[in-house]
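For reference, the structure discussed in these notes is given below.
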Number of protein chains: 2
Amino acid sequence: MPKRVDHEQRRRQIGEALLRIASTRGLQSATMREVAAEAGVSLRLVQYYFHTKEQLLVAALAYLAEQLTERVSASIRALGPVTSRTVVYGTLTAVLPTDEESVRLTRAYTGFYTLVFSEPEMALRHGAVYPDKLESLLAKHIAAAQEAGEIADDVDPALTAAALLALTNGLGSSVLGGQRDGAAALRILEDQLGRLFHARLSRPPT
Amino acid sequence: MPKRVDHEQRRRQIGEALLRIASTRGLQSATMREVAAEAGVSLRLVQYYFHTKEQLLVAALAYLAEQLTERVSASIRALGPVTSRTVVYGTLTAVLPTDEESVRLTRAYTGFYTLVFSEPEMALRHGAVYPDKLESLLAKHIAAAQEAGEIADDVDPALTAAALLALTNGLGSSVLGGQRDGAAALRILEDQLGRLFHARLSRPPT
DNA sequence: CCTTTAGTGATACGAGCGTATCATCAAGGC
DNA sequence: GCCTTGATGATACGCTCGTATCACTAAAGG
């Protein structure tokens, strides 16, 4: 066999070119030709490694999920010792588009998310319901914090986890839509989180 | 002048055909030809009333906003006497995709919202930042409920209004994405609203 | 009556898209 | 040392899109 090039590296190179386009010009302008130009390769090469555009999208989404989970765990680690509280804070703030990297990730992710609306069949062909895992993870840690007395007893962990995730997604959309900046969104999220944690302490019976 | 047809009615007929497509097959498949077919007219007629597609989109968005505000006020009215509490509840639950009509409206609205991501210049050419007005309205009524003792004093009306709106948008997206159904989303929203209102009463100092 | 003009229809154009085709090149196995 | 086969490049095809063009109709005004 000739040309001993690393296939996986090439696929990554192309896949991340698509992500770069998705996070700047939007996923809808990530055409095969644009991706090829962004990756610095020929159109034929993109077709060679990904027989169809759908395959390319799926691979790129996998790379994106990889980057996202890495960012989330890094954000948790940065908050010091791993507690239920740091996991919840770290997870949600990592997803929120506050700095350049998270804006990039959120923009790309939103592109794929909206793609599901327009092409539901494609979403069915591949499993990948990422947020569901996050939600149960959050619910678990909320319940744990509840047992530790950091969260009021009458809080429903499942409902609250879903609410926090939906809140964060909604805030992210508003940031991307230019309605507010990342700092303002973070303030809103932290207000809600602060109200949830230590609810017993900060809420006197006045 | 010949053919005494009502121009505004014709424009509405075409604009609502676009909305119908946007809420079923998605806004991206609302091409000029599809809209013409859906409205039961020729392509030329669509071009006649809307010189460009952008004009058609803008007009359709105006119709959609009209329908949305009407639904919101109807939802508030249905909750009985108009109080700050019913305004907040009515507004948010009206936006949430729980029944067939709200699913239609939310789907169409989401289509336009995602269009802003891909075509930011178009959003700049026309003002129309609908949610900002809603947010200040909610903040006003939260502050009023606070004065009436229905909401805890340490709640920040502006931050909370933004959070509720973002939460509702996020929940709406999750419903449209098939992550949960409208009833589940409503449960999550009502849990949060119930926790906000009567915070003093339902939160014993235990 | 017939001219003007708003309304309507069928069709064409150029661009961009995903995908397919054809030819070429380089490296190992016999 | 050729020949098989994986890797690469240039180009073409068929489709759909928004938009433009050309011709035709019918009703009001002089």
Side-chain angles (χ1 to χ4, degrees), chain A residues 1-15 17-19 21-22 24-61 111-112 114-115 118-123 125-126, chain B residues 1-15 17-19 21-22 24-61 111-112 114-115 118-123 125-126:
Chain A
M1 299 144 184
K3 293 296 187 60
R4 54 272 173 247
V5 300
D6 187 345
H7 283 212
E8 181 51 28
Q9 176 208 319
R10 274 271 211 246
R11 292 173 64 89
R12 257 204 144 68
Q13 173 190 0
I14 297 172
L18 184 142
L19 291 182
I21 295 176
T24 51
R25 279 159 285 169
L27 189 58
Q28 81 294 337
S29 58
T31 83
M32 295 292 259
R33 288 167 176 82
E34 287 268 347
V35 170
E38 175 72 29
V41 299
S42 73
L43 169 62
R44 182 66 182 79
L45 196 76
V46 178
Q47 290 186 272
Y48 185 77
Y49 284 98
F50 304 96
H51 286 50
T52 171
K53 187 177 186 181
E54 182 169 328
Q55 292 182 18
L56 170 57
L57 287 172
V58 170
L61 180 56
F112 282 97
T114 62
L115 190 66
S118 54
E119 311 281 346
E121 325 130 344
M122 197 183 128
R125 272 197 290 276
H126 317 91
Chain B
M1 299 144 186
K3 294 295 189 62
R4 53 274 173 248
V5 300
D6 187 343
H7 284 212
E8 180 51 29
Q9 176 210 316
R10 275 269 210 244
R11 293 173 61 89
R12 257 205 144 66
Q13 172 190 358
I14 297 172
L18 184 142
L19 291 182
I21 294 176
T24 51
R25 278 159 285 169
L27 189 58
Q28 81 295 338
S29 58
T31 84
M32 297 291 260
R33 288 166 175 84
E34 286 267 349
V35 170
E38 175 72 30
V41 300
S42 72
L43 169 62
R44 182 68 182 82
L45 196 76
V46 178
Q47 290 185 273
Y48 185 78
Y49 284 99
F50 304 96
H51 286 50
T52 171
K53 188 178 183 180
E54 183 169 328
Q55 291 182 18
L56 170 57
L57 286 172
V58 170
L61 180 56
F112 282 97
T114 63
L115 190 66
S118 53
E119 311 281 346
E121 325 129 343
M122 195 182 131
R125 273 196 289 277
H126 317 90

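As the structure is a computational prediction, the values presented were derived from the model and not from experiment. Residue numbering restarts at 1 for every chain, and letters A, B, ... go by the order of the sequence lines.
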Provide, to the nearest angstrom, the distance between the CD atom belonging to B:Glu34 and the C1' atom belonging to D:dG18. 14 Å

Less than 4.0 angstrom between a side-chain N/O of A:Tyr49 and OP1 or OP2 of D:dT8, yes or no? yes

So if I take residues 35-45 of chain B and measure heavy-atom distances to DNA chain D, which residues fall below 4.0 Å? B:Leu43, B:Arg44

Can you tell me if A:Gln47 uses its side chain to pair, donor with acceptor, with the backbone of A:Thr52 under 3.5 Å? no

Measuring from B:Arg10:CZ to B:Leu45:CG, what's the distance to the nearest 0.5 Å? 5.0 Å

Send over the distance from B:Gln47 CD to C:dT11 C1', rounded to a whole Å. 11 Å

Could you tell me how far apart B:Gln55 (CD) and D:dG18 (C1') are, to the nearest whole angstrom? 13 Å

Which pairs pass salt bridge (charged side-chain N to carboxylate O under 4.0 Å, His left out) with one or both residues in residues 43-52 of chain B, sequence neighbours excluded? none

Between the two end axes of the helix from C:dC1-D:dG30 to C:dC30-D:dG1, each built from 5 base pairs, what angle do you get to the nearest 10°? 20°

Any residue meeting salt bridge (Lys or Arg N to Asp or Glu O under 4.0 Å) with B:Glu8, in chain and number order, not counting sequence neighbours: B:Arg12

Under 4.0 Å from OP1 or OP2 of D:dA10: is there any side-chain N or O of A:Arg33 that close? no

Whole-Å distance separating the CD atom of A:Gln28 from the P atom of C:dC17: 11 Å

If a pair satisfies salt bridge (charged side-chain N to carboxylate O under 4.0 Å, His left out) and one of its residues is in residues 46-55 of chain A, list it, with sequence neighbours excluded. A:Glu54-A:Arg125

Separation of atom CD in B:Glu119 from atom C1' in D:dG18, rounded to whole Å: 13 Å

Rounded distance (nearest 0.5 Å) linking atom CD of B:Gln9 with atom CD1 of B:Ile14: 10.5 Å

For B:His51 and D:dA20, what is the distance between atoms NE2 and C1' respectively, to the nearest whole Å? 12 Å

C:dG18 OP1/OP2 closer than 4.0 Å to side-chain N/O of A:Thr52: no

Side-chain donor-acceptor distances from residues 28-37 of chain B under 3.5 Å, at least two apart:
from: B:Gln28; atom 1: NE2; to: B:Arg25; atom 2: O; distance (Å): 3.1
from: B:Ser29; atom 1: OG; to: B:Arg25; atom 2: O; distance (Å): 3.1
from: B:Ser29; atom 1: OG; to: B:Gly26; atom 2: O; distance (Å): 3.0
from: B:Thr31; atom 1: OG1; to: B:Arg33; atom 2: N; distance (Å): 3.2
from: B:Thr31; atom 1: OG1; to: B:Glu34; atom 2: N; distance (Å): 3.1
from: B:Glu34; atom 1: OE1; to: B:Arg25; atom 2: NH1; distance (Å): 2.5

Say you draw a straight line from CZ of B:Phe112 to CD of B:Glu119; how long is it, rounded to the nearest 0.5 Å? 13.0 Å

Using side-chain heavy atoms (C-beta onward) and a distance below 4.5 Å, is B:Phe50 in contact with B:Arg11? yes

Could you tell me the separation between the CZ atom of A:Phe50 and the P atom of D:dT8, rounded to a whole number of Å? 13 Å

For A:Met32 and C:dG18, what is the distance between atoms CE and P respectively, to the nearest whole Å? 7 Å

Determine: side-chain N/O of A:Tyr48 to OP1/OP2 of D:dA7, distance under 4.0 Å, yes or no. yes

